[in-house]
Amino acid sequence: MPITKANGIDLFYETVGDVNDPTLLLVHGFTAQIVSWEEGFVRALADRGFHVVTYDNRDVGHSTHFDGVHVNLRSVAAAVRAGEDAGALVPYTLSDMGADGVALLDVVGAERAHVAGVSMGGMIAQTIAIEHPDRTRSLASIMSTTGELAYGRATDEANAAILSAPAAEREAYIAQSLEHWKIWASRYHGGAEALTERLGRQYDRMFYPEGATRQLGAIIASGERSKGLSALEMPTVVIHGRQDTLIQPSGGERTAELVPGSRLLMLDGMGHDLPAPLWPAIIDAIVANAERSAA
């Protein structure tokens, strides 16, 4: 699969579906590689009439790594709390990550696209919609939040897990990740066996924990998006799980509250993942929102 130059970096990407169908750009979350998208989920979206584009965000997978660039998260957070511009303290922000996705649209020949993102990917998708509205046909923000500190905060247990250093050895990494998964997993899931296989595949493809600090720095330095979200004028659907402990439901509820005319889908039994039994509801919501843009 191709690696392309986009926005001054290398981006690894894949496409599924008919190139003549409307493009749907899928943006994944914190440290998640392209293989974190379940093949069945992506194929189901293509079968509903989308040309689906997925990619590795910068600092994960086979996209550009910012090797050796140190980020002091305490300093970034302190600057944001003081109302200062923290952009100089990080190598990139969510705006840069959003610009990566927009540049990828140029590569695949899409003038405009429907944009859907999960978790940090939802933050990036929101940023694309705010900063590049001429390239965005509709927005789906999934298990994400607005950047406002009062909303979507992780539980203490989930926060400690996501900030812990990953084990370096393969089997220890998988075991640690399985324990963390239990903290925020949906009630409906494929079980530990399927997740173990996926975690092993991700580890073997590219184990790169160094990128995590820089991605987290980008989230913190970018601040909140309330003003931009309030000004959006495009079909928007917000999807969130009622059992999400990593980005608690208030993150989704606040996003929907801010975006004019948005629709909110809160799903019982859904944590911080995309369980297969809920794919039909999630995909239906994305499709219905995209159809609003056509209307």
Nearest heavy-atom pair of S141 and T255: which atoms, and what distance? OG-CG2, 4.2 Å

Min side-chain heavy-atom separation R135-V115 under 4.5 Å: no

Is it the case that the side chains of S95 and E131 hold a donor-acceptor pair, with the cut-off being a distance below 3.5 Å and no angle test? yes

Check: L229 and I130 side chains under 4.5 Å, non-hydrogen atoms: yes

Start with the C-alpha gap between R187 and D268, add the side-chain angles, then the distance that decides, and say whether salt bridge (Lys or Arg N to Asp or Glu O under 4.0 Å) holds. CA-CA 9 Å; R187 184 181 307 153; D268 289 325; over 6 Å; no

Rounded at 0.5 Å granularity, tell me how far CD in E253 sits from OG1 in T145. 10.5 Å

Knowing that exactly one of I219, N57, V118 qualifies, which makes a side chain to side chain contact (heavy atoms under 4.5 Å, CB included) with I124? N57

Within-4.5 Å side-chain heavy-atom neighbours: D96 and R58: yes

Any pair with a residue in residues 276-295 that passes ring-ring contact (aromatic ring centres under 6.0 Å, His included), sequence neighbours left out, goes on the list, sorted by first then second residue, please. F41-W279

Give the intermediate values and the outcome of side-chain contact (heavy atoms from CB on, under 4.5 Å) for residues I286 and I142. CA-CA 10 Å; I286 294 172; I142 306 168; 4.2 Å; yes

Counting only heavy atoms not in L149 (residues, nucleotides, ligands), do more than 12 fall under 6.0 Å from its CG? no

Taken to the nearest 0.5 Å, the spacing of L274 CG from I282 CD1 works out to 5.0 Å

Hydrogens and angles aside, do D100 and Y55 bring a side-chain donor and acceptor to less than 3.5 Å of each other? no

Co-membership, hydrophobic cluster, residues L139 and V53, 4.5 Å side-chain: no

So which heavy atom on T146 is nearest to which on G251, and how close? CG2-O, 4.4 Å

Scanning both residues in full, the closest heavy-atom pair of A290 with S138 reads CA-OG, 4.0 Å

Do other residues, nucleotides or ligands put more than 12 heavy atoms under 6.0 Å from D156 CG? no

Would you list the atom pairs, donor with acceptor, under 3.5 Å between side chains in residues 22-36 and any protein atom, with sequence neighbours excluded?
unit_1, atom_1, unit_2, atom_2, d
Q33, OE1, R205, NH1, 2.6
Q33, NE2, Q202, O, 3.0
Q33, NE2, M206, O, 2.9
S36, OG, Q33, N, 3.4
S36, OG, Q33, O, 3.2
S36, OG, Q202, NE2, 3.2

Distance, nearest 0.5 Å, that separates OG of S177 from CG of L199: 5.0 Å

If you define the side chain from C-beta out and look only at heavy atoms, does anything of E233 sit under 4.5 Å from P260? no

Same hydrophobic cluster for V237 and L264, using side-chain heavy-atom links shorter than 4.5 Å among ILVMFWY? no

Which heavy-atom pair separates L265 from A285 by the least distance, and what is that distance? CD2-CB, 3.9 Å

Gap between atom CE of M234 and atom CZ of R112 - 0.5 Å precision: 8.0 Å

Looking at every non-hydrogen atom in both residues, tell me the closest pair between A44 and I283 and how far apart they are. CB-CD1, 3.5 Å

Begin with the C-alpha distance, continue with both residues' side-chain angles, and end with the deciding distance and a verdict on side-chain contact (heavy atoms from CB on, under 4.5 Å) for Y151 and Q248. CA-CA 8 Å; Y151 302 97; Q248 292 194 73; over 6 Å; no

Are any non-hydrogen side-chain atoms of V259 and V238 less than 4.5 angstrom apart? no

According to a hydrophobic-cluster definition based on side-chain heavy atoms being under 4.5 Å apart (Ile, Leu, Val, Met, Phe, Trp, Tyr only), do L178 and Y203 belong together? yes

Considering all heavy atoms of both residues, which atom of G217 and which atom of V76 are nearest to each other, and what is their separation? O-CG1, 4.0 Å

Donor + acceptor pair across side chains of H272, D244 (<3.5 Å): yes

More than 12 heavy atoms of other groups within 6.0 Å of R263 CZ: no

Main-chain N/O of V69 paired to R214 side chain as donor or acceptor, under 3.5 Å: yes

Path from I9 to V90 over hydrophobic side-chain contacts below 4.5 Å: yes

Tell me if the CD atom of E210 is crowded by more than 12 foreign heavy atoms within 6.0 Å. yes

Is the shortest side-chain heavy-atom distance between L105 and H132 below 4.5 Å? no

Would S222 and M123 count as a side-chain contact (heavy atoms from CB on, under 4.5 Å) if you check the C-alpha gap in whole Å, the side-chain angles of each, and the deciding distance to 0.1 Å? CA-CA 10 Å; S222 298; M123 303 172 197; over 6 Å; no

If you round to the nearest 0.5 Å, how far is OG of S186 from CG of D273? 3.0 Å

Name of the residue among T4, D10, D56 meeting side chain to side chain contact (heavy atoms under 4.5 Å, CB included) with S63: D56

Between T127 and M97, is a side-chain contact (heavy atoms from CB on, under 4.5 Å) present by the stated rule, with each step listed? CA-CA 9 Å; T127 302; M97 300 181 83; over 6 Å; no

May I ask you to decide if E171's main-chain N or O and E169's side chain share a donor-acceptor pair within less than 3.5 Å? yes

Side-chain heavy atoms under 4.5 angstrom apart, residues restricted to Ile, Leu, Val, Met, Phe, Trp, Tyr: same cluster for F50 and V16? yes

For the NE2 atom of H51 and the CG atom of L45, what is their distance to the nearest 0.5 Å? 13.0 Å

Side-chain heavy atoms of Y13 within contact of V108, under 4.5 Å: yes

